[in-house]
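Below: the structure, in structure tokens.
We name chains A, B, ... by the order of the sequence lines, and we start the count at 1 in each one.
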Amino acid sequence: MLVRADDAGRRTGRIVEVEAYIGATDRASHARFGPTARNRVMYGPPGIAYVYRVYGMYDLLNVVTEPADRPAAVLIRALEPLDGIEAMRAARIAHGRAGAGIGRLPAHRLASGPGLVTAAFGLDRFDTGTDLCDPASTVRIAGPARSVTDDEILASPRIGVDYAAEPWRSIPWRFVIAGHPSASGPSRLR
DNA sequence: GCAAGGATATCG
DNA sequence: GATATCCTTGCA
């Protein structure tokens with residue numbers, strides 16, 4: 001569960017879709033270039049946020065997952081909004097990238113994509129370095145909203161990594177709660 | 001189907 | 001410095 005507690009109130013969302021990026025040999029990972037100014041937190045301790053910008057407009061939230069010097073992270077691709085729906089909606093409108101229909105978007109679509117997760121939670125690349133495991137952090141990851149069994153989870157190839165060589169392009173390292181209405185992409189892909 | 005949008009890694 | 005590329009999204 002992703003939690004943000006600040007002046008705007010408390011926002012929580014159940015993490016329903018993630019992707020794994022593991023090691024310098026993963027040709028789809030930012031770590032494929034070795035340590036750089038952008039990805040350096042991937043080489044630090046786990047539990048830290050790595051937020052980067054793609055396509056000039058969207059910031060994507062990742063969590064560092066391995067001990068120092070082993071670059072790995074999990075991309076948070078979608079949330080099921082639980083609390084703070086209106087704060088998320090307001091943040092989406094303030095972010096301004098999406099079209100005019102946000103005011104009428106159903107709640108379950110407010111964070112149904114990696115760029116939408118950060119927009120709904122008011123995160124950007126300058127939040128890189130936040131300790132997501134520290135209860136004192138404004139943004140943090142708490143225990144699961146509820147338990148998930150293995151047979152609910154669908155594994156598939158990662159999204160948007162067609163540039164990577166095989167086998168990395170096809171490894172099923174995207175994990176989603178099968179059929180969840182808050183998963184990313186068109187409904188036919190959920 | 002495709003444009004928007006700017007940071008980033010790489011090359012000269 | 002210049003340039004090709006990118007872990008996306010919403011609308012035509």
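Across all strands, Leu60(A) comes closer than 4.0 Å only to sugar-phosphate atoms, never to a base (heavy-atom distances). Across all strands shown, Arg158(A) has no heavy atoms under 4.0 Å from either base or sugar-phosphate atoms. Heavy atoms of Phe33(A) sit under 4.0 angstrom from primed sugar atoms or phosphate atoms, though from no base atom.
A heavy-atom distance below 4.5 Å is not found between the side chains of Pro114(A) and Glu19(A).
Minimum atom distance to the side chain of Thr36(A) is reached by dA9(B), of the listed dA9(B), dA7(B), dT8(C). You'll find that the side chain of Ser29(A) is closest to dC7(C), out of dT9(C), dA7(B), dC7(C). Checking dG10(C), dT9(C), dC6(C) against every side-chain atom of Arg92(A), the shortest atom distance belongs to dG10(C).
For the pair Arg125(A) CZ and dC7(C) P, the interatomic distance rounds to 15 Å; values are reported in whole Å. With rounding to whole Å, Asn39(A) atom CG is found 10 Å from dT10(B) atom P. Atom-to-atom, CE of Met57(A) to P of dT9(C) comes out at 11 Å; the value is rounded to the nearest Å. The distance from atom CG of Leu75(A) to atom P of dC6(C) is 16 Å, rounded to the nearest whole Å. In this structure, the CD atom of Glu17(A) is 10 Å from the P atom of dT8(C), given to the nearest Å. Regarding Tyr50(A), its OH atom lies at a distance of 9 Å from the P atom of dT8(B), rounded to whole Å. Distance CZ (Arg40(A)) to C1' (dA7(B)): 15 Å, rounded to an integer number of Å. The distance from atom CZ of Arg38(A) to atom C1' of dA7(B) is 8 Å, rounded to the nearest whole Å.
Mapping Leu105(A) and Gly160(A) onto DNA chain C via the closest heavy atom, the residue that lands nearer the 5' end is Gly160(A).
Using a 30° and 60° split on the angle between ring planes, Trp168(A) and Trp173(A) fall in the tilted class, from 30° to 60°.
Ion pairing of Arg53(A) with Asp124(A) is absent here, as no side-chain N (NZ or NE/NH1/NH2) approaches a carboxylate O to less than 4.0 Å. Looking at Arg4(A) and Asp127(A), no side-chain N of the basic residue comes within less than 4.0 Å of a carboxylate O on the acidic one, giving no salt bridge.
The neighbour count for Arg169(A) CZ, taken as heavy atoms of other residues, nucleotides or ligands under 6.0 Å away, is above 12.
If you check distances only, the side chain of Tyr163(A) never reaches the base of dC7(C) with a donor-acceptor pair under 3.5 Å.
Remark: ring of Tyr55(A) stacked against base of dT8(C); centroid gap under 5.5 Å, plane tilt under 30°. The aromatic ring of Tyr21(A) is stacked on the base of dC7(C), with the two ring centres less than 5.5 Å apart and the planes inclined by under 30°.
Across all strands shown, dA4(B) forms a Watson-Crick or G-U wobble pair with dT8(C), both key distances being under 3.5 Å.
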